[in-house]
Each structure stands twice: as C-alpha cells, then as structure tokens.
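Data block below; observations after.
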Amino acid sequence: MSDLPYRFEPTATAAELHERFDSLDAGAETDDTVTIAGRLLLRRVQGKLAFGQLQDSTGRIQLFCPAQVTERFEEFGNLDLGDWIGATGEMMKTRKGELSVRVREWVLLAKARRQFPDKWHGLSDVDTRYRQRYVDLWVTDEARRAFQIRSQVVSSMRRRLEAQGFVEVETPLLHAIPGGALARPFITHHNTLDIDLYLRIAIELHLKRLVVGGLERVFEIGRVFRNEGIDPRHNPEFTMLELYQAYADYEDMMRLTEELVAGIAEEVVGTTRLTYGGQALDLTPPWRRATMNELIAEHAGVEVDLEMDVDALRKIASGFDVPVDDDWGPGKLILEIYEKTTESELWGPVFVTDYPQEVSPLARAHRSKPGYVERFEPIVAGRELGNAFTELTDPDEQRARFEEQARLKAAGDEEAMIVDEDYLRALEYGLPPTGGLGIGIDRLVMLLSDAQNIRDVILFPTLRPEQER
RNA sequence: GCGCCUCUAGCUCAAUGGCAGAGCAACGGACUCUUAAUCCGCAGGUUCAGGGUUCGAAUCCCUGGGGGCGCACCA
C-alpha cells in the first residue's frame with residue numbers, strides 16, 4: 001500500500017522564487033515560508049548538512065537541509081536522483097550566495113524507480129531522447145526550450161489571427177476523399193459505415209467550404225498526415241496552419257505571411273534577426289518576391305518558360321539529372337528543374353511566385369500570365385515554409401482541373417487528386433475571391449528554435465516500434 | 001526502398017584479434033555552506049540478436065533488428 005499523497009499544493013515555482021528573492025544578500029535569512037515541488041535532480045549530502053537541486057517546470061531552486069532543521073534528515077539523504085518531492089521551508093541565501101529553501105518539511109510525491117541519466121552529460125543518444133521524451137525533457141535544456149517556443153508560437157499565432165478577425169474552426173481529420181494537396185494518404189476503415197476513410201493530407205477544401213458558408217476569415221491549426229518518407233525535415237504527421245480570407249488575393253497573403261511570421265518571431269524570441277544553423281536569417285518584412293522562372297535563371301543559369309518547346313525543357317531537365325517522366329508537361333518540368341537546382345539554394349526569406357497551373361490544381365489562373373497561377377511558396381533556409389494562392393473559385397474550371405488530376409491518377413500518379421463532387425457543389429453556390437495560406441508549424445518552430453531536425457520540435461516523432469525483449 | 005555509418009554498465013564513453021575498463025549514477029562509510037561537492041570502499045556486463053572464421057572475437061565475415069546521415073519521395 002502506497003502512502004504517497006493524492007494531492008499536493010505548491011505555493012511557488014522556482015522561477016517565482018528567483019524573481020522575488022534573488023536580490024537577497026549572501027547569508028541572508030527570511031521568515032518567508034514557501035512550498036515547492038518538483039524532481040530532485042542533484043544532491044550533495046555532507047554529513048549533517050545536505051543540499052539538493054529541485055527542478056520544476058520553470059527552473060531550479062536549491063534545497064538547504066541541515067539535520068537539525070529538516071525532518072527525516074536521514075531519509076532525505078537517501079532520496080534518489082529523479083524522485084519527485086514537495087518541500088516547505090524558509091527562503092534564504094547561502095554564504096556563497098545561492099538562493100535556497102531551508103527545508104523543514106518534505107514529502108515524497110513519486111519514486112524514480114529507474115535511474116536518471118548522467119547529471120552532467122545528459123542524454124546524447126537521439127533514439128532514447130525521442131522514445132523517452134519524459135526523461136529528455138528533464139535532462140536536455142534545449143528540448144525544454146524548443147517545446148516552450150512551440151507553445152508560444154502557436155499561442156501568438158492564434159492571438160494575431162483572432163485580432164485580425166479570423167475565426168478558428170475544427171474540420172474532419174477523417175476524409176472520404178483525400179484532397180487539398182498532392183500527397184499519398186494513410187488509409188483507415190470505418191466498421192459501421194463499412195467504408196475506407198483517409199487521414200487528411202490538407203485542411204484546404206473544408207475551410208474553403210466554410211468561406212462559401214460565410215466564414216469570411218477562417219483558420220485551423222491542426223494535424224495533417226502524409227504517407228511519405230521520414231527525414232530530418234519530414235514527419236508523417238505534422239501540424240499546419242491553414243487560413244482563408246475572402247476578398248483577398250495572393251498579394252494580400254504575402255503581406256499577411258511576412259507580418260505574421262515576423263510578428264511571432266519578435267514576440268517569441270524577441271527579434272526577427274535570427275541565426276539558423278550558424279547563418280544569419282533576417283525575417284524582417286518585406287520579404288523578397290521573385291517568380292519561379294526568375295529564380296531558376298539566377299541559380300541554374302537557364303531561361304525557362306511555359307512557351308518553350310516541351311522537348312527543349314526535357315533536355316534542360318535531363319541536363320540537371322532530373323529523371324523525366326514522359327507524362328510530364330512543361331509546367332511539371334519547370335517545377336522539377338526549380339526543385340532540383342534552385343529551391344535548396346534559396347536562403348530567403350523569399351516568396352517564390354507564379355507557379356505553372358499544371359502543378360497547381362486548386363489555384364486561380366494568373367490574371368495576366370497564361371498557363372501560370374497566382375501561387376507562392378515562402379522559402380526560408382532552403383525549405384518551403386508554406387504554400388499559398390489566390391483560390392480558384394470557378395466550379396467549371398475546378399472540375400476540369402480535377403478531371404485532369406483524375407487522369408494522372410489513372411495513369412499511375414499516386415499523389416494525384418480525384419474529383420470531389422461535394423466541393424464542386426460548394427463552389428457552385430459561390431466562393432468569393434479568396435486568398436488562402438498554409439504554413440508548416442513544425443518548420444516555423446524549427447527556424448525559431450534553431451532546430452536542424454523536425455524531431456526536435458515534435459514531442460513524440462514517428463519511430464519504428466521497439467522490439468519486445 | 002537503396003547506399004554509408006553506428007549500437008559496449010542506468011547515463012557518457014574507452015578497449016581494433018589476446019584477462020571487457022573509466023567517470024558519473026547506484027550500494028557501504030566519513031564529512032554542517034555545497035555548486036558536476038570531496039575522500040575511502042564495494043559492486044555492476046547475453047559488448048543489440050543469431051550464426052560463422054579463429055587457438056582466441058566487443059573487434060573480422062554473414063543474416064536479422066534499432067538508430068543516424070545521404071539519395072529517392074515530399075511540406
């Protein structure tokens with residue numbers, strides 16, 4: 001029978017105590033009684049005097065425990081590193097100037113039956129860090145920091161969007177028709193309906209239905225699933241912000257993006273001038289705008305255009321070692337050339353604009369450039385941070401785009417879309433001019449926490465299951 | 001999916017074909033101002049698993065497993 005308490009009531013956190021009492025002089029004693037709780041992560045017993053370092057979610061505070069003052073002193077000295085305890089005592093500073101709680105009463109809240117990692121070296125095996133995040137969070141300062149930043153980023157994002165009149169919604173994760181992006185979905189099954197359902201690969205189509213429904217500014221921050229490879233920038237489930245704004249176009253979305261990201265950076269890390277992977281990264285608006293074709297010319301040294309002969313584009317692509325598929329039109333060829341030669345070279349931030357329509361089935365045709373759409377991707381540190389466009393609103397045009405996608409699907413393209421009749425019906429009721437934007441939250445947090453691996457900003461990244469021993 | 005690298009005590013790491021080791025943690029002891037406390041003592045292992053080569057394997061080879069990086073795919 002365990003005699004561990006069912007409840008405990010700390011009156012202060014480590015951070016609060018430092019804020020209130022750091023100004024004490026070395027050797028000072030007070031009558032201020034506090035109760036704190038946390039894990040004992042360091043301990044130094046010295047005969048009739050013991051010191052402990054208690055860590056809670058806000059930081060660390062020293063416990064000062066003379067045998068004459070601290071109850072059950074012998075037992076206190078036998079605590080293991082990692083034990084959860086609660087302690088009550090008076091605030092003081094040691095002669096050496098370390099702020100401490102002089103512990104009178106204390107209670108064991110939970111026993112650490114497994115040994116904690118080395119107090120100095122911590123955990124370096126990344127596999128263990130990801131699998132046992134509950135340990136990692138205690139012993140790896142950067143891990144705690146990254147997830148604090150993540151929390152603040154999402155919180156700041158919500159507040160900023162709400163302040164601009166955006167309404168947050170939740171739409172289904174289980175989709176009968178996967179859509180809104182070009183990606184392979186996870187498939188699952190509903191027993192009672194006896195139908196296959198897909199974990200969503202994007203939020204897009206439901207949110208645009210809501211704009212049809214009169215939610216003129218709408219957003220969702222939520223999990224999206226793509227059945228693709230895992231690498232330092234990709235996790236099969238990741239978090240996206242998607243937002244849609246009636247009456248806006250992609251120029252509005254560019255302004256919104258740079259202001260949102262810069263505002264969040266300012267609020268969360270205090271500056272828009274970051275260092276990412278040792279290189280300076282300045283998120284201060286305005287960000288550069290450049291068309292895909294201009295950037296290809298800059299970085300690959302070749303002029304490409306949809307007007308060009310397909311065979312000429314094929315030749316250019318092959319020249320850059322792009323494996324060319326016979327089915328690809330000029331738009332897909334240009335995109336592949338861009339991704340192979342240019343994208344990873346862009347440090348940014350830069351808005352890459354004016355994508356070929358062929359690879360953008362949900363974006364509206366460019367108002368002045370035939371064959372192109374009003375779409376951009378914000379590129380930062382050589383990677384896409386998001387995707388946005390002036391939304392395609394014409395139901396007939398959308399049907400034609402879906403049918404072209406369905407043709408590609410039939411030809412073997414597993415990432416192509418299929419016709420979504422209900423979405424077309426919604427468009428037939430009328431979607432106003434609308435700007436849409438998606439931002440990868442994980443990627444944004446990586447930038448702001450200087451993380452080189454997406455797993456460092458996802459608490460429990462997807463891993464192979466451990467084998468039974 | 002392919003290629004390269006990696007896996008040794010709870011943690012961090014040595015030992016590169018010749019007796020499996022250290023620091024921290026644990027365990028026993030000393031110590032009333034420590035800061036990774038210090039000092040003395042004592043334990044701790046299916047070297048990821050299985051097979052092979054060898055007088056002898058943590059080390060070399062093969063198969064399998066976990067992880068990392070790169071490529072492919074993608075945001």
Side-chain angles (χ1 to χ4, degrees), chain A residues 26-27 29 41-53 60-70 73 77-82 92-100 102 112-132 135-136 138-140 180-185 201-202 224-242 321-323 335-336 339-340 343-344 377-380 382-388 413-415 438-444 446 452-455 461 463-469:
Chain A
E29 310 226 342
L41 285 188
L42 280 175
R43 201 200 50 204
R44 297 177 283 275
V45 182
Q46 195 171 295
K48 296 281 186 262
L49 178 64
F51 298 88
Q53 283 279 350
R60 292 184 172 193
I61 186 79
Q62 177 165 276
L63 305 179
F64 180 87
C65 305
Q68 288 185 329
V69 174
T70 303
F73 178 80
N78 282 327
L79 286 170
D80 287 321
L81 300 187
M92 59 164 283
K93 249 192 189 174
T94 61
R95 288 174 208 158
K96 295 280 176 61
E98 179 82 19
L99 185 66
S100 309
R102 191 178 52 245
R113 286 171 49 179
R114 291 174 182 264
Q115 282 189 42
F116 258 63
D118 187 291
K119 61 191 175 190
W120 185 243
H121 298 98
L123 275 178
S124 71
D125 179 38
V126 292
D127 183 38
T128 307
R129 290 190 49 215
Y130 299 147
R131 288 189 199 279
Q132 301 185 32
V135 177
D136 184 42
W138 285 105
V139 301
T140 311
L182 302 170
R184 294 166 64 178
I201 56 174
V224 166
F225 307 83
R226 296 189 185 175
N227 204 340
E228 286 150 2
I230 298 175
D231 67 32
R233 304 287 179 129
H234 300 267
N235 197 63
E237 51 179 308
F238 62 102
T239 303
M240 291 247 301
L241 160 73
E242 283 199 31
D321 290 327
V322 173
L335 179 69
E336 291 290 329
E339 287 182 348
K340 180 77 175 189
E343 186 176 84
S344 61
E377 289 191 353
I379 304 296
V380 185
R383 288 286 169 167
E384 297 134 77
L385 184 61
N387 188 15
D413 184 347
E414 292 187 77
E415 289 163 5
I439 289 182
I441 301 285
D442 314 87
R443 293 268 176 90
L444 177 57
M446 286 173 70
Q452 304 303 310
N453 194 313
I454 196 169
R455 292 169 162 194
L463 297 171
R464 274 203 175 78
E466 282 181 283
Q467 278 195 303
E468 296 294 328
R469 299 208 174 191

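By convention in this document, chain letters (A, B, ...) are assigned in the order of the sequence lines, proteins followed by strands, and residues within each chain are numbered from 1.
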Between P of B/C33 and CD of A/Glu29, the distance in whole Å: 14 Å
Separation between CG of A/Leu49 and CZ of A/Arg44, rounded to the nearest 0.5 Å: 10.5 Å
Distance test, side-chain N/O of A/Arg464 to OP1/OP2 of B/G65, below 4.0 Å: no
Selection from B/C33, B/G67, B/G70 that lies nearest to any side-chain heavy atom of A/Pro232: B/G70
Distance test, side-chain N/O of A/Asn453 to OP1/OP2 of B/C69, below 4.0 Å: yes
Separation of the P atoms in B/G28 and B/C61, to the nearest angstrom: 45 Å
A/Arg184: partners by salt bridge (charged side-chain N to carboxylate O under 4.0 Å, His left out), with sequence neighbours left out: A/Glu414
Phosphate OP1/OP2 of B/G67: any A/Arg129 side-chain N/O under 4.0 Å: no
Interatomic distance where CG belongs to A/Asp321 and P belongs to B/C73 [whole Å]: 12 Å
Residue A/Lys340, side-chain heavy atoms: nucleotide from B/C73, B/A72, B/C33 that is nearest: B/A72
Gap in Å between the two P atoms, one belonging to B/G41 and one to B/G10, rounded: 24 Å
Whole-Å gap separating C1' (B/U32) and CD (A/Gln68): 9 Å
Closest nucleotide among B/A25, B/U32, B/A75 to the A/Glu384 side chain: B/A75
B/G64 versus B/C40 - spacing of their C1' atoms, nearest Å: 47 Å
P spacing across the pair B/C4 / B/A9, given as an integer number of angstrom: 26 Å
Nucleotide B/C73, atom C1' - distance to CD of A/Glu336 in whole Å: 10 Å
B/A57 - base-pair partner by Watson-Crick or wobble geometry, distances under 3.5 Å: none
Integer-rounded Å distance: B/C71 P and A/Arg233 CZ: 11 Å
Straight-line distance of A/Gln62 CD to A/Leu99 CG, nearest 0.5 Å: 9.0 Å
B/G70: pairing nucleotide in any strand, Watson-Crick or G-U under 3.5 angstrom: B/C2
Whole-Å distance separating the CD atom of A/Gln53 from the P atom of B/C33: 17 Å
C1' atoms of B/C62 and B/G21, separation to the nearest Å: 29 Å
Paired nucleotide for B/C31 [Watson-Crick or G-U wobble; both distances under 3.5 Å]: none
Interatomic distance, A/Met446 atom CE to A/Ile441 atom CD1 [nearest 0.5 angstrom]: 13.5 Å
Nucleic acid footprint by protein, nucleotides 36-43 of chain B - heavy-atom cut-off 4.0 Å, B for base, S for sugar-phosphate alone: BB------
Watson-Crick or G-U wobble mate for B/A22, both contacts under 3.5 Å: B/U12
OP1 or OP2 of B/U35 under 4.0 Å from side-chain N/O of A/Thr94: no
A/Pro117 side chain, from C-beta outward: closest of B/C11, B/A72, B/C33: B/C11
Rounded interatomic separation in angstrom, taking CZ from A/Arg131 and P from B/C7: 17 Å
Interatomic spacing from CD in A/Glu339 to CD in A/Glu384 - rounded to 0.5 Å: 6.5 Å
Side chain of A/Ser124 (C-beta onward), nearest among B/A26, B/U12, B/U35: B/U12
